[in-house]
Structures are given as structure tokens and as C-alpha cells.
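See structure below.
Side-chain atoms are counted along with the backbone in the values below, which use heavy atoms only and exclude waters and symmetry mates.
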Amino acid sequence: NYVDCHNTGNFTLGEKAKVGCQTRWGGLVGKLEKSAKAGEEVYNIFNGCSNSGDIIIKGTASDTQYTSLGGIYGSATGNTRIIILNGFTNSGDIIFEGKNNGVYKQDDTMQNRNFVTMGGLFGVVASSIVFSNEANPSWTGNVVNTGTIKFAGYCKNAVQLGGLAGYLQSSTPTITGGKFINTGDIICTGEYDNKYAQNGIGGIAGISDANIDNAQVYCNITARSFPYVGMVTGSARTETNKVTNCAVGGNWCVAYDEEEDVTIETKITSSNFYKYIYGRTADWTGVENYD
């Protein structure tokens, strides 16, 4: 149990620093190690906690594997169960200005695995993470990010940025008497390989394989010529990945005018918001009220 825990200090990887392995940075925990075994119910409970410290990467964060950064934690062990009570607020900026330029060697095969994943609460939420279901209690209170998420460095492969999570692979939790709220701006001006479908930027999740419900996003997303950008998620709309009962506002700054060398800003309004919910063009055939 993490009860009334608050971090106000900054974390910085200096310009001359060089890390050769996976790096996980969190406002409260770098990596959650405690996981549930068969037949167990083991929880990591964050009760009335917050982070206001900045996480700033300037050096070489990894030469071999991925880098994950989040206001609560960077990553977690499989089967970890996570509950937030009485809300959580991250106001710390999460900034990557360094490098992630290696590959991960597995079974004598070089596999590109050096993604940079950044979220206001979580870097990576793997499929084995348990939030809420019929057997587990729901979260309570608003879960809020007000910090800026900024990638201005270099990554050899994919970049995933989100107000809540960089990569949301598991189901999103149910919140009682609260919402997911992101008002932190998301900025991507760095270098990356844009051929990867795993690239994604979203006001809630950069990449999402889960439904997102009851969220509010009011921010500016700036990502000049980034391939997959949505005000809620950079992923596509599918039957198992929908954005429902949400509110969006702010500015979508992605298109680029080469002749004028300026980024074209689009204001999100009640008449155009549905075009910008997802990072891929959505098929709204037969759908009422855009979910």
C-alpha cells in the first residue's frame, strides 16, 4: 500500500550519462515488481498519492532496449494488480531529450525493441496488468495529468506518448465518482522511424488496445508530420478499441506547410471533433453520435 505518498523532486538523466539496458522511470515507482501468482490476489494500492516532480532524460537512456516513463510508474511485472483510491494527480513534466538507439538481442536474432513510451501516469501498461473487473474493486476519484509530455530526442524505432499511458495494452479501469482527465500538452518534435505502426500519440493513450470510457481531454497536441495522432488515442477505432462517453477540446497541430515552414493548427470544435478522436481515419458508417 502506498498511502498519502507524494513526490516533489525531479529525476534527471544528464547529458553525459549512458545506460545500456532497459530504463524505467516513475514519479513514485520505476518498476512495480510485486505481482500475483496463481490463486493469489496481490494488489498495489495507491491511496491519495501524487507526483509533481519532473522526469527529464538528456543522456543515452538505452543502447539495447526500451525506455518507459510515467508519473506513477514506468513499467510493471506481469499479473500486477493496480488500484488507485481517492484519485491521483501528476503535474510533473515528462521530457525526453536524449537518445534511445540500440536493438534488443533475443535468441540470436536482432529484434527492434527500443521504443520510447511516455505517459502522465504510466509508461507501459502490458496485457497482463489487472486494473478492474468483477473480482477487483474499481478506482475512486479523478485520475488527472496536467504535466507536459514532450519527446524532443532521438529514437531508432517507435515513439508512444499519452496523457495517461504511452502504451495501454490491457483493459482500462472503472472509476467510481471520477474520470480520466488530461490537460497536459503533448509535444513531439524529435526524430524517430515513422514506418512503425506502433508509433502513436493520444491525449489519453499513445497506443491503445482497450476501450477508453468517461475521459476528458483538453490540451494541445503538437506533432509535426507524426503519422498517428488522436485527441484520445493514436490507435484505430475497432470493436474492441472504442472511445465512448468522452469529451475533447484543444488544438491538433500536426499538419505541416512546407512552403511556409509552419505547423497548421486545427481547433477542436463540436463540428469537427469526431475527425480527431483516433489516430487513424475512423469508419463512422451506421454509428450514432460518434460513440
Side-chain angles (χ1 to χ4, degrees), residues 1-36 42-84 88-102 104 113-131 143 145 147-151 153 155 158-170 184 205-207:
N1 289 303
Y2 302 85
V3 181
D4 198 24
C5 294
H6 307 276
N7 175 59
T8 61
N10 298 336
F11 299 92
T12 304
L13 184 71
E15 292 182 7
K16 296 182 179 180
K18 185 176 182 179
V19 181
C21 58
Q22 295 178 16
T23 53
R24 309 172 180 91
W25 301 70
L28 297 184
V29 185
K31 180 185 179 185
L32 286 174
E33 298 281 2
K34 186 64 175 178
S35 60
V42 179
Y43 296 92
N44 292 273
I45 301 174
F46 297 88
N47 191 340
C49 300
S50 71
N51 174 62
S52 59
D54 298 337
I55 301 175
I56 304 171
I57 305 296
K58 292 180 176 290
T60 301
S62 179
D63 263 342
T64 59
Q65 298 186 44
Y66 61 81
T67 301
S68 54
L69 306 91
I72 294 181
Y73 75 75
S75 67
T77 304
N79 299 317
T80 300
R81 303 184 180 203
I82 302 168
I83 298 294
I84 292 179
F88 184 93
T89 298
N90 175 65
S91 58
D93 295 337
I94 300 177
I95 301 172
F96 188 98
E97 297 176 332
K99 296 181 180 179
N100 185 301
N101 54 13
Y104 173 53
R113 291 280 296 277
N114 58 324
F115 298 170
V116 172
T117 58
M118 304 165 58
L121 273 76
F122 314 110
V124 178
V125 180
S127 59
S128 55
I129 304 301
V130 177
F131 279 148
V143 177
N145 175 64
T148 296
I149 312 297
K150 181 179 181 180
F151 175 83
C155 180
V159 174
Q160 301 162 344
L161 312 178
L164 174 73
Y167 186 12
L168 184 60
Q169 191 176 11
S170 71
I207 293 292

Taking the six-membered ring where the residue is Trp, are the ring centres of F96 and F151 under 6.0 Å apart?
yes

Distance-minimising heavy-atom pair for A61 and L13:
CA-CD2, 3.8 Å

Work out which heavy atom in G163 is nearest to a heavy atom in N145; give both atom names and the distance.
O-CB, 3.3 Å

Looking only at heavy atoms, what is the nearest atom pair of G9 and N7, with distance?
O-ND2, 3.0 Å

In this structure, OG1 of T117 is separated from CD1 of I207 (nearest 0.5 Å) by 11.0 Å

As an exercise, state the distance from OG1 of T148 to CD1 of I95, rounded to the nearest 0.5 Å.
7.0 Å

For the student: nearest non-hydrogen atoms of N90 and G71, plus distance:
OD1-CA, 3.6 Å

Compare all side-chain heavy atoms of N44 with those of T80 and state whether any distance is below 4.5 angstrom.
yes

For M118 versus K150, what's the shortest heavy-atom pair and its separation?
CE-O, 3.3 Å

Can you confirm whether S62 sits close enough to V19 that some side-chain heavy atom of one is under 4.5 Å from a side-chain heavy atom of the other?
no

How far does CD1 of I45 sit from CD1 of I84, to the nearest 0.5 angstrom?
11.5 Å

Treating N10 as the side-chain partner and D54 as the backbone partner, does any N or O pair qualify as donor plus acceptor under 3.5 Å?
yes

Give the minimum heavy-atom separation between R24 and S75, together with the two atoms involved.
CD-OG, 2.7 Å

Rounded distance [0.5 Å steps], CZ in F11 versus CD1 in I94:
11.0 Å

For residues T67 and T23, is any side-chain donor paired with an opposing acceptor at under 3.5 Å?
yes

To the nearest 0.5 Å, what is the distance between SG (C5) and CD1 (I72)?
11.5 Å

For F46, the option from Y2, F122, Y73, F88 that meets ring-ring contact (aromatic ring centres under 6.0 Å, His included):
Y2

Would you give the length of the straight line joining atom CG of L121 to atom CG of L164, rounded to the nearest 0.5 angstrom?
5.5 Å

